[in-house]
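Letters A, B, ... are given to chains in the order of the sequence lines, protein chains preceding strands, and every chain is numbered from 1.
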Amino acid sequence: MNLWQQWQTDRLSHVTRRHFLQDCATGLGAAWMATQGGALYGKSGAHGASPADVMKNPLGVRSPHFPAKAKRVIYLHMAGAPSQLDLFDYKPELFRLDGKDCPSEFLEGQTFAFISGIPSLLAPRHRFSPAGAAGHMVSEILPHFREIIDDVCLIKSMQTDQFNHAPAQLLLHTGNAQPGHASFGSWVTYGLGTENQNLPGFMVLVSGGQNPSAGKAAWSGGFLPSVYQGVQCRSAGDPILYLENPNGVRRNQRRMMVDAIDKINRRTHEEVGDPETLTRVSQYEMAYRMQMHASEVMDLKQEPEYIHEMYGTSPGEESFANNCLLARRLVEQGVRYVQLYDWGWDHHGNGDNTIDKGLKKKCGEIDRPIAALLKDLKQRGLLDDTLVVWGGEFGRTPMRELRHGIVSETYGRDHHKEAFTMWMAGAGVKGGTSIGETDPLGFFVHDNPVHVRDLQATMLHSLGFDSQSLTYPYQGLDQKLTGVGDPPRVVSEIFA
Amino acid sequence: MAKPFSNLLKLIGVAIVAMALLGGLAYQLDRLEVVSLWGDFLGGFHPVVLHLPIGIVIAIALQTVWRRWRGTSTEGEDRLLWVLAAVTATVSFGTGYLLVMGGGYQSEHLTWHLWGAAIFSSLCWVGLAASCWETARWARDMITGGVIGAVSVTGHYGGLMVHGDPFAGAPWLNDPQRFAKFGEFGPEVRVYDEIVVPILGAKCVACHGPAKQNGRLRLDSFEAIVAGGEHGAVLFPGDLERSSIITFISLPDSHNDHMPPPNRPQITPPELAGLEYWVSSGAELDQVVSGEEPPAELAALMVPIYRLLEDPDALEAREAQEAEEAEQRVINRERLAADLAALPEHQRLGFSFEDLESDRLHFSPATYRHLLTTEDLESLLPLLQASVKVDVSGLPVSESLLRVLAESSQLNELDLSETSVGNEVFAILGKTPGLQRLNLFGTAVDVNAEITPGSFANLRQLFVANTAADVAALDVALPHVDVIGDLGLAPPEAVEEEDQSSD
C-alpha cells in the first residue's frame, strides 16, 4: 500500500454513517419522496385512487374509464418481423420493377439494419389472390387465414421509429425503445386487475425456439409494482413448474407455511412500507391458489381430439399451436392479457431464413392455429370481448437484402420501419376491412398512417381506457404507456 | 345679496383665466414640436397622478350630497379638498400634456381627452374659488356637477385610448347565440360572410374577439384574421397544413392545444370541413358559391335545420336532466357497492362495475366459478338483475332463476354456455326486452327448439355451437339474428353425420 492509498483508507475509515446521513439528508428525503408514488403531493394513478390504495389489493377487479369493448387481449407477436409485402400488402408494381435499382429518392435519409449501397427491388415471392367477402388480396401461403379474414381488420399503414428487433419490440410493447418501462399487459392488469384471482393477469407464451430479442424486458412491469409483470410459461413440458407439493408435504402444511411467511412479510411492510413487500405477499397467495387451479387450466390433454385436430396441437412439445390453444383456455378463465411470441420471422435471406422457403414454412406453423383460435373464440362467444392482435415489430423492405453491398444467392428483405401490416380482430373491430395504404412500392405510408403509439392508444381505447388518463406517477412524472409527448390518435375507424 | 353676485362674476373671471391658460395650451398642442428628455420623463408620471383628482372630486360630490341630505351647511368646509383637486388636476393635465408631446397618441379620442381635461382642471379652480368666496348654493352645486361631468368625459376618452372600449365586450353585444343558426341561403352564397363568420362567431369569437383577445388573436373580422396573433399569421390561403386556424381545430380533443378548449361548444366535422373548404380555396373575402348546388364540403352545413349552437333552453333542460341522471347514478352505485360489500368473497368477486362512474354491473365469476351453488345464485338475484352482462357459464342454473332473470330490464348479454339448460330457454328469454347476445354454447338445446314468432326482438347474436341445435332452422326463425354454430370445429359425431349424408 502506497502513501496515497494509505491516506484514502484512513480518510474513508473516519467517515461514519452519521456523516452519510448528515451530508445526504436532502437527497435521501427526495429519494424517499420519489418512492411514495406521488401520494405525498396528491397525485393519483389510473383510478382516482392513489397507487398506494391500489396496492392494498393490487389484482382486485377494477373498472375502466368508460364501457369497454374488450375485456381481454390475445397478442400474437411474430418476432423478427414478417414481410408484409409477401403476405398482406399486395404491390403488383414490384413485379414490373423486380431486380431494378430502388429509386434514390426513396433511400435518401433512410437507415437500414443491413442494406448498404443501392439495393434492387424484390417482387413478392408468393402468389396473391382475393380473399373474403371484400376480396382483399392475401398471399396464398396463408390458406386458413382466408377463412377468418371477414373477422379481421388489416392495418396496412403501421409505422414505427425503430429498425432493430429489441428496441422495436420494446417500443411496441412498453411504449419506449429503452428497457425499464412497463409493458402493455402490465398496464392492463394495473388498470383492470385480474378477473381470476387464481391465475396471473398477464401471461406470456413463447414459441419458435427462443425468446424475442427484447427478452424479458418486453413483458416487464417496469416502474409499475412487480405484481403486474408478465408471467412466462415454459414452452415445452409442464407450462408451470412446481405446481405439485413436494412428497410428504400436505396442502394444509403448505397453507401454514404460506401464512407464516405472510405474517412476517406484513410485519416488514408495516415497518418499511415498501409496496414490493405486498407484491411478494400476493405472489405467495397466488402461487398457493395456482397449485389448485393452474394445472387444470394448463392441461391441454383435457381438450377433445377434434380441437387438437383443428389447432394442430401436440401437447408437451413447444409449438405455436399449443400456445394458441393455451391462450384460448387462459382467456376463458379470465386472464386479461395473453402475449404470444413466435420467433423465426427475420427473413433476411441468410441460411434458411428466406422469403420464399423460410416465410412459407413459418406461415405453415401459424396459419392453422390462428384460424382455429379465431373460430374457436367466435363460436364460444368469446371473440366479442377478446381483442386479438397480430403483427411483427416492424416490416420488411421492398428491396432485396444487400448485406455489405453483396447480392446474396437467396431471397431476403431487410428491416423496414416506414410501413408494415398488422391485423386486429374481435372486440368490436370491423371485420373484413382494411385501413391505410402504402405507396405503389410499399415503401412509405401513403394514407392514414398508424404509428405504434396510435395502435397502443387504440388498443387501450377498446379496453375502456383513455391513453392520457391511464397513468402511474414515477420520478415526478405521470407515466403513460403511450409516452408523455403529444397524445396519440385512437384509430376509431377500426371499430364498428 | 350683492356680494354673492359679484362673487359669481369673479368666479366667471377665474374660469375665463383658467380656460385661457389651459385651453390655450390645448389649442397649441399640434403646433408644439418640443422633444425634451425631462418632458418624456415627467410625462411618464401621468398614469400615477391622474387618478388623484378623480378620487378627490368624487369625495367632494359625495360630501355635498351627504350634507344636503343631512341639511348641514357646506359653506367653505370642503376648501381643502378643492385645493387638492385643483392642484392634482392641473398636475395631471401638465404631465399628460408632456406625455402627448412625446408622441404616439394621435387620435380622435385624444382631442376629447385633452379638451375635457382642460375644462375639468379649470372647473376645479372655479370650485376652489367658490369655496373661498361666499357663493350661492345652486352655483356651487352646478360647479360640483360640472366637475363630475367633465371628469367622466375626460376619463372615458383617456380609458378608450389606453384600454380600449369596455363596452365592446358587453355580453349583450357578444352573445354567441346570435350565430346559433346560419342565415337564409340565397342562390348565391358568400362563403366568408354567410358561412365562415357565423362559425367563428358561434365558436371562436368569445375568446378571440372584442371581449377577450386570447393569444392576442381576434377572429371577428377579415382584417384581424389576416393579421394573426402573438404567434404570427394563422391563415395561409390555400395551405391547410400551415394555417393554424385549421390545424389547432384538427388536433385531437385530448391535445393541450386543441381549439376550442374543452367544455366549450366544439367545432363539428362539417363545420371544420366548411372552414377547410374556404381556406383551401384561397380564403377570399368575396368568394361566392351556388346556393342551389353547393360544393360537397359545404352541403352538410347548408341545410335549413343545421344549428351551430344548441338552443339555450334545450341545452339547459338537457344539462339539468344529465345532472339528475348522474346524481341518480351515484346513488344507485353507492347502494350497489354497499350490497356488494356485504357479500361473502366467493359471491362478491364476480361483480364489477361497467366503468368508473356507471351503476351497471357485470357478473363473471372467474375466480370462484367452481364454488357457486344454485342457492348462491338465487341469493344474488337482486344484483344480477342490476347487471347488464351476466355470465353464468358452467354454473348450476335453475329454471326458476332463469325466469326471474328473464324479467330484468337491464340484461343485455347472457352467457349460459356449458349449463344444463335446454330448449325451454327460448320460451323463457324470448321476451327479455334488452337481450342482445345469448350464449348457449355446449348446452342441451337441440333440433326441437321452438321460437315464438316476434320474440327476441333485440337479439343480435345467438351462440349454439357444440349443441344439437339446427342452425339453419334458427336462422330462418330469427332472421335479424346472427346465429353462430360450429365453425369447422364440429365434434366428431357431427363430422360422421356429414360423412353419412355425403355417402
Side-chain angles (χ1 to χ4, degrees), chain A residues 46-48 59-68 71 144 147-148 151 192-199 289 292-293 296 304-307 309-311 331-336 371-372 374-385 454 457 464-469 486-490, chain B residues 251-258 333 345-346 348-358 360-362 364-370 388-389 391 393-394 413-418 436-442 460-466 482 484-495:
Chain A
H47 290 279
L59 292 171
V61 176
R62 286 179 291 277
S63 307
H65 296 143
F66 43 83
K71 286 179 97 170
H144 293 281
E147 298 159 13
I148 54 164
D151 288 313
L192 291 175
T194 171
E195 251 189 307
N196 191 334
Q197 302 296 315
N198 303 326
L199 290 169
R289 291 192 303 263
M292 281 289 277
H293 303 279
E296 201 182 321
E305 189 50 41
Y306 74 93
I307 290 282
E309 182 74 13
M310 202 61 209
Y311 279 81
V331 296
E332 215 172 17
Q333 296 297 320
V335 174
R336 285 281 178 214
L374 248 67
K375 287 184 194 169
D376 203 4
L377 290 172
K378 185 170 177 177
Q379 67 168 2
R380 281 164 201 267
L382 287 166
L383 191 60
D384 294 281
D385 43 19
D454 302 329
F465 288 110
D466 168 22
S467 68
Q468 297 305 289
S469 310
D486 281 350
R489 177 174 75 100
V490 172
Chain B
L251 287 171
D253 291 353
S254 52
H255 197 286
N256 285 342
D257 292 335
H258 173 80
R333 188 180 167 108
E345 184 184 73
H346 77 284
R348 186 188 66 233
L349 267 187
F351 288 98
S352 61
F353 284 103
E354 186 169 46
D355 64 33
L356 283 181
E357 271 145 32
S358 172
R360 312 196 318 165
L361 287 170
H362 290 181
S364 178
T367 310
Y368 289 111
R369 201 181 290 278
H370 56 291
V388 284
K389 291 188 187 181
D391 161 14
S393 167
E413 296 186 11
L414 181 59
D415 186 346
L416 290 168
S417 60
E418 316 270 8
Q436 294 173 1
R437 291 181 80 227
L438 178 59
N439 192 339
L440 299 172
F441 177 92
R460 286 187 288 107
Q461 287 178 308
L462 176 64
F463 299 88
V464 289
N466 221 347
D482 188 6
I484 295 159
D486 293 310
L487 297 171
L489 292 159
E493 309 88 65
V495 177

Legend entry - Considering all heavy atoms, the nearest A366(B)-G334(A) contact: CB-CA, 4.3 Å
Inset, instruction - Please flag which part of R489(A) lies under 4.5 Å from any non-hydrogen atom of chain B: side chain, backbone, both or neither. - result: neither
Inset, instruction - List in chain and number order the residues that pass ring-ring contact (aromatic ring centres under 6.0 Å, His included) with H144(A), two or more places apart in sequence or in another chain; answer none if no residue qualifies. - result: none
Legend entry - Q461(B) versus chain A, the contacting section by heavy-atom distance below 4.5 Å: side chain
Legend entry - Heavy-atom check, side chain of K378(A) versus side chain of I484(B), under 4.5 Å: yes
Inset, instruction - Can you measure from CG (D486(A)) to CG (L251(B)) and round to the nearest 0.5 angstrom? - result: 8.0 Å
Inset, instruction - Taking all heavy atoms of E195(A) and all of T367(B), pick out the closest pair and write down the distance. - result: O-OG1, 2.9 Å
Legend entry - Where K389(B) and A68(A) come nearest, the two heavy atoms and their spacing: NZ-O, 4.5 Å
Legend entry - Per-residue contact mode, S364(B) against chain A (heavy atom under 4.5 angstrom): both
Inset, instruction - Please look at R360(B) and chain A and tell me whether the side chain, the backbone, both or neither of the residue comes under 4.5 angstrom of a heavy atom of that chain. - result: neither
Inset, instruction - Could you tell me the separation between the NZ atom of K71(A) and the OG atom of S352(B), rounded to the nearest 0.5 Å? - result: 5.5 Å
Inset, instruction - Quick one: pull up CG in N466(B) and CG in D376(A) and give me the separation to the nearest 0.5 Å. - result: 9.5 Å
Legend entry - Rounded distance [0.5 Å steps], CG in D384(A) versus CD in Q436(B): 11.0 Å
Legend entry - Point-to-point distance, once rounded to the nearest 0.5 Å, from CG of L382(A) to CG of N439(B): 7.5 Å
Legend entry - Sidechain-backbone polar pair: R437(B) side chain, G381(A) backbone, donor-acceptor under 3.5 Å: yes
Legend entry - Any side-chain heavy-atom pair of N198(A) and H370(B) under 4.5 Å: yes
Legend entry - Heavy-atom pair with the smallest gap, counting every atom of Q379(A) and F463(B): O-CD2, 3.8 Å
Inset, instruction - Could you tell me the separation between the CD atom of E418(B) and the CZ atom of R380(A), rounded to the nearest 0.5 Å? - result: 6.5 Å
Inset, instruction - For residues L356(B) and S63(A), report the shortest heavy-atom separation together with the two atoms involved. - result: CD2-O, 3.6 Å
